[in-house]
> 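Got a structure for you, questions after.
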Amino acid sequence: MTLTVYNTLTRSKSEFQTIEANKVRMYCCGITVYDYCHLGHARTCLIWDVVRRYLQWSGYEVNYIQNFTDIDDKILNRAREEGTSMEAVAEKYIAAYFEDMERLGVGQADAYPRATHTLDGIKRLVYELEQKGFAYPAEGDVYYAVQKFPEYGKLSGRKLEDMQAGASGRVGLEDAEAHKKHYPFDFALWKAAKQGEPAWESPWGNGRPGWHIECSAMVRERLGDTIDLHVGGGDLTFPHHENEIAQSEAVTGKPLANYWLHNGMIIVEGKKMSKSLGNFITIRELLDRFEPMAVRLFILQTQYRKPLDFTEEALTTATNSWETLKEGLLFGDRYGEQLGFATSSTPQNEELISRFKAAVDDDFNFAGGLAILFEVAKNLNKAGNILVHEGTAKTDTQELEQQWQTLVELAKILGFEAQPEDRESNSQGLSDREIEDLVQQRIDARKNKDYAAGDRIRDELQAQGITLIDKPGGMTIWNRG
RNA sequence: GGCGACAUAGCCAAGUGGUAAGGCCGUGGAUUGCAAAUCCAUUAUCCCCCAGUUCGAAUCUGGGUGUCGCCUCCA
């Protein structure tokens with residue numbers, strides 16, 4: 001099986017081939033750090049982190065870079081609101097970002113370049129673009145002349161003549177910048193300093209970089225002229241990624257990235273989750289109410305390119321589903337000793353692995369891969385229940401161990417890990433002896449048809465996490481949790 | 001107005017030419033004093049609609065309809 005990916009550039013799936021054998025240079029457009037991240041950001045960060053894990057598991061060495069945009073009007077506005085500096089706002093939300101992602105179990109990128117740390121590279125690019133005739137200065141600003149780049153629009157599949165300036169309604173055609181542009185779709189590479197705003201020296205006067213240029217500079221600086229994978233949210237396809245291509249390729253004459261992958265948006269009641277619509281839920285609010293693993297399952301159960309509806313019900317479903325998976329993942333911790341699992345060896349079930357790989361190799365179909373995990377988890381859970389109820393496993397022990405090891409391994413690729421239950425509740429709770437006594441009391445009570453007393457004991461034990469299982473013949477067995 | 005994506009059971013969702021994965025919910029039976037848990041069974045004659053290609057299509061082609069995204073804030 002070979003990995004196939006859907007490339008936005010070609011609007012089709014193709015085999016994934018790297019520039020250097022077994023190495024992947026990967027760049028993800030990160031966030032502008034002016035506020036707490038919401039579920040939409042979580043989807044992007046989580047999906048591409050899992051993609052990176054999968055590539056690593058598949059044998060690639062991945063160099064994964066994700067940026068922080070820390071120069072931006074929105075950050076400045078926030079700084080004014082909070083009576084602080086752009087830098088302080090950026091630091092605050094970068095710290096929050098790392099906190100949120102850690103809670104979600106999203107791994108760290110290999111580097112997190114920031115716009116403010118990339119000024120030299122940015123200025124060099126702007127300079128080169130100007131030298132090559134792709135950029136022009138205007139009253140302290142510098143603009144990119146999109147008409148000079150014949151391939152402009154190739155990523156987003158649009159032609160300049162088809163585009164309608166201002167159609168999104170977000171930009172006034174009469175705004176301050178408009179008169180400086182030679183053409184409505186030209187975009188700012190450099191913006192002249194405004195009174196009281198942070199600024200950097202440059203050949204065009206004091207100012208700050210435009211938004212798109214930082215990614216071009218960072219990719220070039222960190223990964224080279226051409227990278228393998230450039231990823232990000234689908235809403236960045238145009239203009240952000242289109243502009244990155246225009247900037248980078250005009251200078252280098254080489255493709256910026258061989259594969260452009262975009263994830264779908266989170267939808268709330270039919271509309272994209274976004275700051276401007278106010279229909280967002282922050283990651284921290286979400287995690288106050290749902291387990292991180294449930295959120296992960298919610299996200300990974302839908303193909304990454306599809307829109308994903310956020311509803312309470314969907315998260316609740318994901319929570320229930322996670323319980324099933326978790327049970328399976330804990331199988332070895334619960335029953336391994338009893339079944340005599342060898343802790344050292346890690347035998348794998350090749351059949352399951354190849355099915356998983358076949359599913360996920362098709363454009364990162366994690367949902368298809370998850371189906372296999374559930375299949376195994378359910379099977380293990382069944383075996384565990386038989387073990388609890390009957391006292392013996394009916395399935396071959398080695399087979400179970402292999403399935404379990406495989407489940408744990410595959411789940412780990414997707415970032416699913418279950419914490420074995422802490423034994424604390426046990427130490428604070430009742431001793432085995434005390435439980436046995438209570439169980440016996442209940443058996444006696446039931447023999448005397450005193451069901452009220454029996455049920456009371458059952459309820460008390462249940463409240464402490466001890467479940468009683470009545471078996472035919474008046475026997476009662478129990479287990480913790 | 002332009003460009004693009006998607007449309008599969010009650011809900012979510014995989015499958016992209018060979019006769020419908022998986023999850024959640026539900027139902028029937030076993031078991032039980034009743035529960036819980038568990039076990040067994042069960043839940044789309046059919047994949048938005050209409051035409052076409054084919055021995056055969058959810059899967060390809062054409063035409064509709066609907067939903068969503070983007071058209072310089074955007075994950």
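Note on naming: letters A, B, ... go to the chains in the order of the sequence lines (proteins, then strands), and numbering restarts at 1 for each one.
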> Any side-chain N or O of K306(A) under 4.0 Å from OP1/OP2 of G69(B)?
no
> Between N379(A) (CG) and U38(B) (P), how many Å, whole number?
15 Å
> OP1 or OP2 of G4(B) versus the side-chain N and O atoms of S156(A): is any pair under 4.0 Å?
no
> Going by ring centres under 5.5 Å and near-parallel planes (under 30°), is Y451(A) stacked on G33(B)?
yes
> Please report the distance separating the C1' of U42(B) from the corresponding atom of A36(B), rounded so that it comes out in whole Å.
22 Å
> Could you summarise the pairing of RNA chain B as dot-bracket text, marking Watson-Crick and G-U pairs under 3.5 Å with ( ) or [ ] inside the strand and | across strands?
((((((((.[[[..)..(...]]].(((((.......))))).....[[[[[..)....]]]]])))))))....
> Can a side chain N or O of N320(A) be found less than 4.0 Å away from OP1 or OP2 on G23(B)?
no
> Say you pick atom P in G28(B) and the same atom in A37(B); how far apart are they, in whole Å?
15 Å
> When we call it a touch if two heavy atoms are under 4.0 Å apart, what does G270(A) touch: a base, just sugar-phosphate, or nothing?
sugar-phosphate
> Please determine, by modelled atom types, if Y93(A) and D100(A) share a side-chain donor-acceptor pair under 3.5 angstrom.
no
> By side chain to side chain donor-acceptor pair (under 3.5 Å), which residues pair with N385(A), not counting sequence neighbours?
none
> Taking 4.0 Å as the cut-off, does a side-chain nitrogen or oxygen of W211(A) come that near to OP1 or OP2 on C74(B)?
yes
> Mind checking R458(A) for me? I need base, sugar-phosphate or nothing, with any heavy atom below 4.0 Å counting as a touch.
base
> Just to verify, what does T406(A) make a side-chain contact (heavy atoms from CB on, under 4.5 Å) with, not counting sequence neighbours?
Q348(A), N349(A), L352(A), I353(A), L410(A)
> Under 4.0 Å between a side-chain N or O of K159(A) and OP1 or OP2 of C71(B)?
no
> Which label fits F187(A) and Y144(A): parallel for a plane angle under 30°, tilted from 30 to 60°, or perpendicular past 60°?
parallel
> When rounded to the nearest Å, what value does the distance between C1' atoms of A21(B) and G63(B) take?
32 Å
> When you measure from the side-chain N and O atoms of K378(A) to the phosphate of G23(B), is any distance below 4.0 Å, counting only OP1 and OP2?
yes
> Is there a donor-acceptor pair closer than 3.5 Å between any side-chain N or O of S216(A) and the backbone N or O of E244(A)?
yes
> Of the non-hydrogen atoms in I31(A) and C37(A), which two are nearest, and what is the gap between them?
CD1-SG, 3.6 Å
> Charged N to carboxylate O below 4.0 Å: is that the case for E375(A) and R355(A)?
yes
> Between A5(B), A14(B), C24(B), which nucleotide gets closest to the side-chain atoms of N365(A)?
A14(B)
